[in-house]
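Scope of the values below: all heavy atoms of this structure, side chains included, with no hydrogens, waters or symmetry mates. In the text below, chain A, chain B and the rest are named by the order of the sequence lines, each starting its count at 1.
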Protein chains: 2
Amino acid sequence: MKVGVIGGGQLGQMLAQAGTSLGMKFSFLDPAKDACAASLGQHICANYDDKQALRQLAEEVDVVTFEFESVPAETVAFLSDFVPVYPNAESLRIARDRWFEKSLFKSLAIPTPEFANIESQQDLEQAVAEIGLPAVLKTRTLGYDGKGQKVLKQPSDVSNAFAELGNVPCILEGFVNFSGEVSLIAVRGQDKVIRFYPLVHNQHNQGILHLSIASEQHPMQGLAESYVAKVLEKLDYVGVLAFEFFEVENGLKANEIAPRVHNSGHWTIEGSVASQFENHLRAIAGLPLGSTHKRGESAMLNFIGSIPAKDQILSIENCHLHDYSKAFKAGRKVGHATINCNNINDLKQIVSHVETLIKG
Amino acid sequence: MKVGVIGGGQLGQMLAQAGTSLGMKFSFLDPAKDACAASLGQHICANYDDKQALRQLAEEVDVVTFEFESVPAETVAFLSDFVPVYPNAESLRIARDRWFEKSLFKSLAIPTPEFANIESQQDLEQAVAEIGLPAVLKTRTLGYDGKGQKVLKQPSDVSNAFAELGNVPCILEGFVNFSGEVSLIAVRGQDKVIRFYPLVHNQHNQGILHLSIASEQHPMQGLAESYVAKVLEKLDYVGVLAFEFFEVENGLKANEIAPRVHNSGHWTIEGSVASQFENHLRAIAGLPLGSTHKRGESAMLNFIGSIPAKDQILSIENCHLHDYSKAFKAGRKVGHATINCNNINDLKQIVSHVETLIKG
Ligand SMILES: Nc1ncnc2c1ncn2[C@@H]1O[C@H](COP(=O)(O)OP(=O)(O)OP(=O)(O)O)[C@@H](O)[C@H]1O
Ligand SMILES: Nc1ncnc2c1ncn2[C@@H]1O[C@H](COP(=O)(O)OP(=O)(O)OP(=O)(O)O)[C@@H](O)[C@H]1O
Ligand SMILES: [Mg+2]
Ligand SMILES: [Mg+2]
């Protein structure tokens, strides 16, 4: 089976590493000459809206998926005429736009922060009057790693905020005083079977995911699963979906979904029976899903900007390096480490050790 | 780091899957257009003695290794002038020739079957007179999967045996009434550190490896390690080495070594902390070795000729498919399954299940 991937970054790379074992071959569409996944398959070096390139991709492969949600809607529509695309266009349309996304949560009675659609400074001021401060203003589309958002704490933060985010459609969200953040990675097959990985605790630094921990069974596992199942079924979703939640007193509030394999699921490569990458591919290929069971206790630490001394990382027992072969650059995800142990104390100790190396 | 691999089969493919996480890129030299590893890197499609192609490979990469031991000695000699090659030429020279190999074991006081060098039918008859029957006649070079060998049971088997193996240099080995076969996968780094995986039980069908089991600690682990360490140190070996033994009363008899990652070590992908592929790459790249500790109980079953119904294989919990993307052909290794469980009873049950699927 040949799989086409829109985007050729580290997610595409890890998909190809997993899919190779399933007998799959890969083609990546990515305009970047140095796309890091490119060496693991065919590389169609073209823009995402290049019809000729899309045609070529469709002809080369049996199924198409993507590694980021900002793929132009027309790209998916165009491809869908020639080749199956998973997850489907509707899932992508919803997940790429925070307004559609939160509206979906609301319609499914999934708790989410208060939110309002903002198309002007006037809209913003009215919404602030209703929702109150602090609040978070986010562009509806294209945001990632905390980019395209602004926390509004006091009235003076509001006055110029819409312009500061570029005068583009936004949503305003009530600021959630969360006690923690968790995400649930789920996968749904073409046979409609759903499997869930365990809830993962996530910690961000400056808006970018820093640490994910998959350890003890979380008391909200069942609740989170019920929310995610609603979304998967509503969208007739096929593939891996990541769902981010805020932990609040007595429950969860939905933050956002990602219609793809997700950074907070990278630990599944070493930490579960079948990884999120393998399961995404099984799903889109119409194969039975693999087990999402945890193996031991796991943590994942992102390397942002650069990778600390490789020799030292590789000398740590039970620590697995993932170097994406990307040029180092401030704020860029260039690799991660997964730590996998039989007990939480060892896990925490190694996490601290790696954090020390990250800080240099 | 860029790694050159002589050969582009499934071993090359699994090296590339592992090495990608270490930030490595791969170039494969293989004359086969459809070499299965080719899509995971550059493919130099040329003969192994093609000087221009070797030159190109040497220029593209930082280090060269190989996935089979029959690489022409001149190829290694030529490459070594331009780029480091691991394991070294001497290790390859020994491991590719059963006479040199067994002579090395003998010189290191490692027990091995009685053996004799055979360059003619006359040599053979003399050796049979000394060693007795049954015995096994094997070509000194190029044998694999039980090819290039003949069991001599009675005098009439002897008369034409040398011609039947093609009138090429052979060795005659005393037939070992073994109770079982085991192999030890070891890795030695450039810093001379050695690590061993646990001894694995191997079962062959018609001369081809069928099943490997890595489970309880084997009473001969320490003895096997002492033999393998002698060879590694004698050869100043760098990389993964596989050592096959016969189990006999009160000990082990050395069968052969393979200077590379080995089929009986494929279970390490899911069944150990760092796989044989990762550790081979760490060694040849001069990086610290990874942990060879076992994770749970593992078994590996080869798919010979064809892969049974994929859907059924993929439906078995704790069973991992490895499809090499090779055309099906009688006698050819086209994939394997690794089974990984927390207890031996589950392991055995799943092994039986997969065996049933293999038999069709
Ligand atoms: N309404 C909110 N209240 C409080 N904190 C918030 C809110 N929205 C976002 N944050 C914080 O900002 C982080 C990033 O927000 P969000 O997930 O919406 O953006 P993103 O750019 O999609 O991030 P990523 O790509 O890492 O998922 C959240 O994980 C959370 O820590
Ligand atoms: N001297 C011997 N006495 C008894 N059985 C033997 C002997 N030599 C080989 N065999 C049997 O034949 C099998 C294959 O032999 P050997 O390992 O030498 O060949 P090979 O072609 O290199 O195999 P492979 O590629 O699978 O390692 C052994 O695993 C063993 O089962
Ligand atoms: Mg987020
Ligand atoms: Mg053998």
Student: So, B:Thr20 and A:Gln13: side-chain donor and acceptor under 3.5 Å apart, yes or no?
Tutor: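 There is no such pair between these side chains.
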Student: Of the non-hydrogen atoms in B:Leu314 and A:Leu22, which two are nearest, and what is the gap between them?
Tutor: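 So the minimum-distance heavy-atom pair works out to CD2-CD2, 3.9 Å.
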Student: How far does CG of B:Asp191 sit from CG of A:Asp311, to the nearest 0.5 angstrom?
Tutor: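 It is 9.5 Å, given to the nearest 0.5 Å.
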Student: Which atoms of B:His320 are under 4.5 Å from chain A, going by heavy atoms: the side chain, the backbone, both sets, or neither?
Tutor: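 The side chain, not the backbone.
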Student: Where on A:His293 is there a heavy atom nearer than 4.5 Å to chain B: the side chain, the backbone, both, or neither?
Tutor: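 Side chain only.
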Student: Using heavy-atom distances under 4.5 Å, tell me whether B:Arg295 contacts chain A through its side chain, its backbone, both, or neither.
Tutor: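 Both backbone and side chain of B:Arg295 come within 4.5 Å of chain A.
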Student: Considering only heavy atoms, which portion of A:Asn340 lies under 4.5 Å from any heavy atom of chain B: side chain, backbone, both, or neither?
Tutor: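 Just its side chain gets close to chain B.
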Student: Tell me, side chain or backbone of B:Ile307 under 4.5 Å from chain A's heavy atoms, or both, or neither?
Tutor: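 For B:Ile307, no heavy atom lies under 4.5 Å from chain A.
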Student: CG/A:Leu321 to OG/B:Ser21 distance, rounded to the nearest 0.5 angstrom?
Tutor: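 One finds 7.5 Å between CG of A:Leu321 and OG of B:Ser21.
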Student: Shorter than 4.5 Å, heavy atoms on both sides: which option in B:Arg282, B:Glu270, B:Gln312 has the most such pairs with chain A?
Tutor: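 Sorted descending by pairs with chain A, the first entry is B:Arg282.
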Student: What's the verdict on side chain to side chain donor-acceptor pair (under 3.5 Å) for B:Ser291 and A:Glu317, showing C-alpha distance, side-chain angles and the deciding distance?
Tutor: CA-CA 6 Å; B:Ser291 163; A:Glu317 182 114 357; 3.1 Å; yes
Student: Name the option with the most non-hydrogen atom pairs under 4.5 Å to chain A; the candidates are B:Cys319, B:Ser325, B:Gly335, B:Ser315.
Tutor: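 Sorted descending by pairs with chain A, the first entry is B:Ser325.
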Student: Below 4.5 Å from any heavy atom of chain B, which atoms of A:Leu289 appear? Answer side chain, backbone, both or neither.
Tutor: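 Backbone only.
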Student: Between B:Lys310 (side chain only) and A:Leu287 (backbone N and O only), is there a donor and an acceptor less than 3.5 Å apart?
Tutor: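 No; zero donor-acceptor contacts below 3.5 Å.
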Student: Within a 6.0 Å radius of atom NZ on A:Lys348, are there more than 12 heavy atoms belonging to other residues, nucleotides or ligands?
Tutor: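 Counting neighbours around NZ of A:Lys348, 12 or fewer heavy atoms of other residues, nucleotides or ligands fall under 6.0 Å, so no.
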